[in-house]
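First the structure, in the form of structure tokens, and then the observations on it.
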Amino acid sequence: MQKVVTRFAPSPTGYLHIGGARTALFNWLLARKAGGVFILRIEDTDTKRNTPTAMQQVISDLKWLGIDWDEGPEADGPNGPYFQSQRKDIYDRYVRQLLDAGKAYYCFETQQELDAMRKQAEAQKKGFLYPRPDVFPTEANAEKARAEGKSVTVRFAMPDETIVVNDVVRGEVTFNGSELGDFIIQKSDGFPTYSFACVVDDALMKVTHVIRGQEHLMNTPGQQTLWKALELGELPKYAHMSVTISDSGGKLSKRERPKALRNAVKAKSGIDLDEVARIANITVDELNDFLRGKSTPDMPAVEAMARHLGVELPEINVVDFFKSGYLPEALVNFIALLGWSTGDKREIIPIEELIESFDLSRLTKSNSLFDRGKLVAFNTEHIKMLGQEKLRTHLRAYLGVIESPVASADDELLDRLIRICEGARTLADIERKCRFLFIADDEIQYDEKAVKKVLLKGDGLEMLKIVADKLAVMEQFAEEGIENMLRSLAEEKQVGLGKVAQPLRVAITGTTISPPIFDSVQMLGKENTLARIDITLKKFRTEN
RNA sequence: GGCCCCAUCGUCUAGGUAGGCCUAGGACACCGGGUUUUCAACCCGGCAACAGGGGUUCGAAUCCCCUUGGGGCUACCA
């Protein structure tokens, strides 16, 4: 039995998005399940779009998810190089082979000329197919064109035949070669196009299973035909997975984030556009173009504006989920169940079991919508079942990346925070709840609603004063002591514990949301607690 | 426009490849109740689907056709 070889082949044009992560995951899962090889291949043949930092992003995102590779960048392997930009001579050999066999031919149209031809076809409501010449241009023709500085590309002469793709998830899908057209296999800059490089590399790297999104289904007949024309041997098995759909309709894509920002800005009123433009470091004209949907600023600008305006952007890239406080274990579990299921009733599944259960035959045909609410539920479960050490490691990484003051806590403290925040849905929940412990007493931001409801309405402030006096005379400042004091006070006053705890909570945190009050007070310490109560009393007593 | 794919609760899905085991199961969300010092977590209960129309068959969520709806592709991007 042949060893299973799968691959993930991203083009490094930006962060790894959720769709790419899912493709990588399924390929990885299959390789791990079968004890095979998983390859990471970098498809950097588009010299205009690739950036070196983007590649690093993709690599670190994969690592964060826990997806490792046996061959590829940082790993090497027998079939390298794993950067397509370094394999040009290999592709050249295969292009040559096709040219010599009369299965490919030169063309000299410029991009503009092709656009014009396409427009014309469109005007006549016809699909555009490149008109194959009766006689292929010669080597001499190509030389001459090159010498004149003309654009020279190579096209594959697609045979006019019926092509059947045998897809693992879709069964037999039939195409007509004559409708596919002669696509370009070598660009005028000498680099191969995606379909060509992909075929050559998959063959040379001995890939046995190609798992990818449905968006590639239409590329497959061409690639399959190319594979045969190149005499590369047995075809890999193809599996075209369903696509992940956004709740706003359409394929989940990076355009979602600017779109969400634009809509949010439009919905708000009284926004200082000059200020926003300044923060995004773009001109007001550029901002207006963006709002009108004419252009899109780069991601840092979009993110800066969102932060400034307090707009929550939908997470699309893997790092977005990291920054929102999700666990990689939860994300992996969740996306694995988008278009795949175990067949039994398990849903919260650790990675080892995911590998164990993985089976290509259980891939779903229909597209699935990415439901963040369910992701949150998965995250909650994974926080509960992850061990203390792993959870702490994730928390620390998260705190670092969002530059939280909570990051200054040592391991012991972090473990306690995790413990008292039991039931948290995301790491962001924990951070939000515990942040008050790490800021100065006079930096507390008072939530208006909380102040009104807890302090100003009723006798919240009076109760707070009494609590303060009682805390002040406590010799030992331990949880039980604080609990006993608050409970007996509530009993004495014939009120629920909430009546005494809530004013205290608002005083020390500024909000009604915090870890259990006894822990909160104890951790803050006597001095700071009293100081905050004092500040609160001074600030709101006069206002009433 | 052309080509291709898909169609079960609001969402993710089980069931479809071997038609009766499905008065369609689970999970998330939602609603009601409980627990409670806040938020969350937790416990109990509830709502909710085979897109429509034709066939085939003793019998169809399951097979076939049409309609409708959704999605993908249609680059010298990958």
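Worth knowing before you read on, the calculation uses all heavy atoms, side chains too, and leaves out hydrogens, waters and symmetry mates. First the proteins, then the strands, lettered A, B, ... as listed; each starts at 1.
- Spacing between atom NZ of A/K251 and atom C1' of B/C5 amounts to 14 Å, rounded to whole angstrom units.
- A/I508 has its CD1 atom 15 Å from the P atom of B/U38, to the nearest Å.
- A/D115 comes within 4.0 angstrom of no nucleic acid atom, judged by non-hydrogen atoms across all strands.
- Across the protein-nucleic acid pair, A/Q84 atom CD and B/C76 atom C1' stand 15 Å apart, rounded to whole Å.
- Per the geometry, CG belonging to A/D189 stands 7 Å off C1' belonging to B/C76, to the nearest Å.
- Taking atom C1' in both B/C31 and B/G52, one finds a spacing of 30 Å when rounded to whole Å.
- Picking from B/C76, B/C5, B/U37 the nucleotide with the shortest atom distance to the side chain of A/L217 gives B/C5.
- Taking only side-chain nitrogens and oxygens, A/S368 comes nearer than 4.0 Å to OP1 or OP2 of B/U13.
- In this structure, A/R505 contributes its side chain and A/V500 its backbone to no donor-acceptor pair below 3.5 Å.
- For the OP1/OP2 pair of B/A78 and a distance below 4.0 Å, the side-chain nitrogens and oxygens of A/T45 include at least one atom meeting the criterion.
- As judged by a 4.0 angstrom heavy-atom cut-off over every strand, A/E113 is placed among residues making no nucleic acid contact.
- Considering only side-chain atoms of A/D371, the nucleotide from B/U11, B/C73, B/U37 that sits closest is B/U11.
- With hydrogens and angles ignored, a donor-acceptor pair under 3.5 angstrom links the side chain of A/K374 to the base of B/C12.
- Remark: B/U38 base-pairs with no nucleotide in the shown strands. Criterion, Watson-Crick or G-U wobble with two distances under 3.5 Å.
- To the nearest angstrom, P of B/G26 lies 17 Å from CG of A/L337.
- Smallest separation of non-hydrogen atoms from A/L337 and A/E347: CD2-O, 3.3 Å.
- Across B/U38, B/C28, B/C77, the shortest atom-to-atom separation from the side chain of A/A377 is found for B/C28.
- When all heavy atoms are compared, the tightest approach of A/Q522 to A/F477 is CG-O, 3.3 Å.
- For A/Q214 against B/G71, a side-chain-to-base donor-acceptor contact under 3.5 Å is present.
- Among the nucleotides B/C76, B/U11, B/U38, the one closest to any side-chain atom of A/S514 is B/U38.
- Nearest heavy atom pair, residue A/L456 against residue A/L461, reads CD2-CD1, 4.2 Å.
- Among the nucleotides B/C12, B/C39, B/A14, the one closest to the side chain of A/E347 is B/C12.
- Counting only heavy atoms from C-beta outward, the side chains of A/L40 and A/I59 approach each other to under 4.5 Å.
- Closest approach to the A/K384 side chain among B/G72, B/U37, B/C42 is made by B/C42 (side chain taken as heavy atoms from C-beta onward).
- Here A/R118 does not reach the OP1 or OP2 of B/G1: none of its side-chain N or O atoms lies under 4.0 Å away.
- A donor and an acceptor atom sit less than 3.5 Å apart, one in the side chain of A/S151 and one in the base of B/C76.
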Exercise for the section: Determine, step by step, whether A/F26 and A/H209 satisfy the ring pair (Phe, Tyr, Trp, His ring centres under 6.0 Å) criterion, reporting the C-alpha distance in whole Å, the side-chain angles of both residues, the deciding distance to 0.1 Å, and the verdict. Expected result: CA-CA 11 Å; A/F26 285 155; A/H209 298 258; over 10 Å; no

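- Closest to the side chain of A/K187, out of B/C28, B/C76, B/C4, is B/C76.
- For A/N367, whose side chain is taken as the heavy atoms from C-beta onward, the closest listed nucleotide among B/A78, B/G71, B/A29 is B/G71.
- For B/C76, neither phosphate oxygen OP1 nor OP2 lies less than 4.0 angstrom from any side-chain nitrogen or oxygen of A/T193.
- On a pure distance criterion of 3.5 Å, a polar donor-acceptor pair joins the side chain of A/R505 and the base of B/U37.
- Side-chain N/O atoms of A/R170 include none lying less than 4.0 angstrom from OP1 or OP2 on B/C4.
- Across all strands shown, A/P10 has no heavy atoms under 4.0 Å from either base or sugar-phosphate atoms.
- In the set B/C73, B/C77, B/G71, the nucleotide with an atom closest to the side chain of A/I245 is B/G71.
- In this pair, A/F156 and A/F183 present their aromatic rings tilted. The plane angle is within the 30 to 60° band.
- No N or O donor and acceptor, one from the side chain of A/E122 and one from the base of B/G1, sit under 3.5 Å apart.
- Side-chain atoms of A/S188 come within donor-acceptor range of the base of B/C76, with a qualifying N/O pair under 3.5 Å.
- Across all strands, A/T153 comes closer than 4.0 Å to base atoms (heavy-atom distances).
- Among the atoms of the strands shown, only primed sugar atoms or phosphate atoms (P, OP1, OP2) are found under 4.0 Å from some heavy atom of A/E215.
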